[in-house]
Protein chains: 2
Amino acid sequence: MANQSDTKTKILDSAEKLFAERGFSETSLRLITSKAEVNLASVNYHFGSKKELIRAVLARYMDVFMPAAAAAIIQVKQQKQCASLDDIFSSLVSPLLDLNTVRTEGTLIFLQLLGRGYIESQGHLRWFITTHYGQYLTQFVHAVAESAPEIPAAEMFWRLHFTLGTVVFTMASADALTEIAAADFEEHNDIEAVIRKVIPYLSAGVSAPVG
Amino acid sequence: MANQSDTKTKILDSAEKLFAERGFSETSLRLITSKAEVNLASVNYHFGSKKELIRAVLARYMDVFMPAAAAAIIQVKQQKQCASLDDIFSSLVSPLLDLNTVRTEGTLIFLQLLGRGYIESQGHLRWFITTHYGQYLTQFVHAVAESAPEIPAAEMFWRLHFTLGTVVFTMASADALTEIAAADFEEHNDIEAVIRKVIPYLSAGVSAPVG
DNA sequence: GTCTATAGAATGATAGAC
DNA sequence: GTCTATCATTCTATAGAC
């Protein structure tokens with residue numbers, strides 16, 4: 001009991017980093033436990049299975065981010081009666097960057113995990129996210145729809161998924177991209193700089209004239 | 001020798017489908033050969049290894065698509081002296097859809113493979129693409145940059161990667177998304193419809209005012 | 001709660017007969 | 001060029017001692 005949460009946390013810390021970098025199926029429990037310096041069997045003792053470990057890793061971020069994001073959106077809608085798309089997207093920057101204070105590289109890891117989960121999973125993660133955090137997602141969709149009332153709902157459905165794709169893919173390759181940008185353009189971007197770059201792109205895309 | 005290309009083709013046909021659906025590492029050689037109704041050992045006989053099979057699958061599409069895309073861009077630039085971003089992106093639609101005539105679901109499979117390759121690979125596929133098809137990529141980047149001269153080169157680098165992310169992510173989840181759209185909005189989209197939907201989003205994003 | 005040891009299943013790859 | 005048989009490795013998961 002003494003070191004329970006210590007071992008559990010060591011596993012989570014080690015796992016989230018490796019999952020974000022290499023993907024879920026490319027990361028073995030052996031790698032996780034050796035980096036965490038705990039015994040292989042402890043994963044199954046504390047989490048039951050690899051699948052449940054994956055969900056626990058994601059939940060630790062979602063439980064922090066989702067309520068914070070919801071509060072930020074409510075706040076921006078109170079301050080401006082007609083919040084723009086840029087306002088809505090920008091309001092998410094603080095909750096995202098606050099994840100860096102919770103854990104080293106928290107923002108990057110969270111977004112990479114989200115991307116991996118969306119693309120890799122055969123459904124169990126998508127199901128986990130929508131059933132556990134569906135209320136927040138609905139709230140976000142409504143806020144965006146309000147800010148771009150000229151876009152029909154069906155079109156908005158597609159554009160929000162385009163947006164998710166842009167963010168998730170960018171974050172999954174963020175390390176490689178910042179490296180190339182540094183070499184080719186002598187730009188030195190951290191995660192916040194990348195987020196700030198992507199927002200104008202997203203806003204313009206979501207509110208583009210309907211073909 | 002008699003059935004050489006027959007077996008080789010059966011393997012490629014079976015592999016590309018499975019790779020696109022499930023990803024590379026989630027697809028075993030056993031699954032590929034059993035669906036292709038060939039012997040397990042034939043993969044290593046014809047391709048040498050799983051890695052080389054993956055490259056061969058991608059190359060079969062790239063060798064068709066890349067020259068066609070290059071020709072389409074040259075053509076649109078000849079017809080209009082000031083081709084817009086929309087013109088450039090739209091010129092790629094035909095080469096993409098022509099892949100459907102080469103193979104059933106060719107367009108979707110190609111784009112899904114591209115996305116999987118970009119995200120999953122630890123470098124060998126990215127290296128393969130840039131060394132074998134780098135000339136085409138450079139040409140494409142130049143064409144886009146010409147059509148949006150107000151965007152600085154470094155910013156354009158980022159926006160083109162945002163664009164790539166949007167496209168490959170959308171295609172990787174295209175099946176799920178069209179299903180949801182059909183259920184929720186009674187929209188029935190094929191791959192061409194999805195491509196036509198994404199182009200305005202991309203054009204607006206790439207040419208968005210620089211923050 | 002943590003450890004060793006191992007079961008049990010799956011994988012990529014290959015040797016060698018035909 | 002195709003087959004069977006198998007090797008060597010890796011993986012998740014668990015039983016049982018401490």
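Per chain, numbering begins at 1; letters A, B, ... match sequence-line order.
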Sugar-phosphate means primed atoms, P, OP1 and OP2; the rest is base. With that split, encode nucleotides 11-18 of chain C 5' to 3' as B, S or - using protein heavy atoms under 4.0 Å. BBBB----
Overall bend - the helix from dG1(C)-dC18(D) to dC18(C)-dG1(D), comparing terminal axes fitted on five pairs, nearest 10 degrees: 10°
Are more than 12 heavy atoms, taken from residues, nucleotides or ligands other than [X], located less than 6.0 Å from that residue's [atom1] atom?
X: K197(A); atom1: NZ; result: yes
X: K50(A); atom1: NZ; result: yes
X: Q135(A); atom1: CD; result: yes

Main chain of R159(A), side chain of T163(A): is a donor-acceptor contact present, judged purely on distance under 3.5 Å? yes
Contacts of type side-chain hydrogen bond (donor to acceptor under 3.5 Å, both in side chains), residue D87(A), not counting sequence neighbours: K80(A), S84(A)
Taking atom [atom2] of [N] as reference, at what distance in whole Å does atom [atom1] of [X] sit?
X: H46(A); N: dT14(D); atom1: NE2; atom2: C1'; result: 15 Å
X: I11(B); N: dC3(D); atom1: CD1; atom2: C1'; result: 13 Å
X: F47(B); N: dG1(D); atom1: CZ; atom2: P; result: 12 Å

Side chains of residues 174-181 of chain A: which donor-acceptor pairs under 3.5 Å do they make with residues two or more places apart or in other chains?
{"from": "T178(A)", "atom 1": "OG1", "to": "A174(A)", "atom 2": "O", "distance (Å)": "2.9"}
{"from": "T178(A)", "atom 1": "OG1", "to": "D175(A)", "atom 2": "O", "distance (Å)": "3.0"}

Listing, residues 51-59 of chain A side-chain donor-acceptor contacts under 3.5 Å, not counting sequence neighbours, or none:
{"from": "E52(A)", "atom 1": "OE2", "to": "S49(A)", "atom 2": "OG", "distance (Å)": "3.3"}
{"from": "R55(A)", "atom 1": "NH1", "to": "H124(A)", "atom 2": "ND1", "distance (Å)": "3.0"}

Examine dG1(D): is either OP1 or OP2 under 4.0 Å from a nitrogen or oxygen in the side chain of N39(B)? Give yes or no. no
Of all residues at least two apart in sequence or in a different chain, which pass the ring pair (Phe, Tyr, Trp, His ring centres under 6.0 Å) check with H132(B)? F128(B)
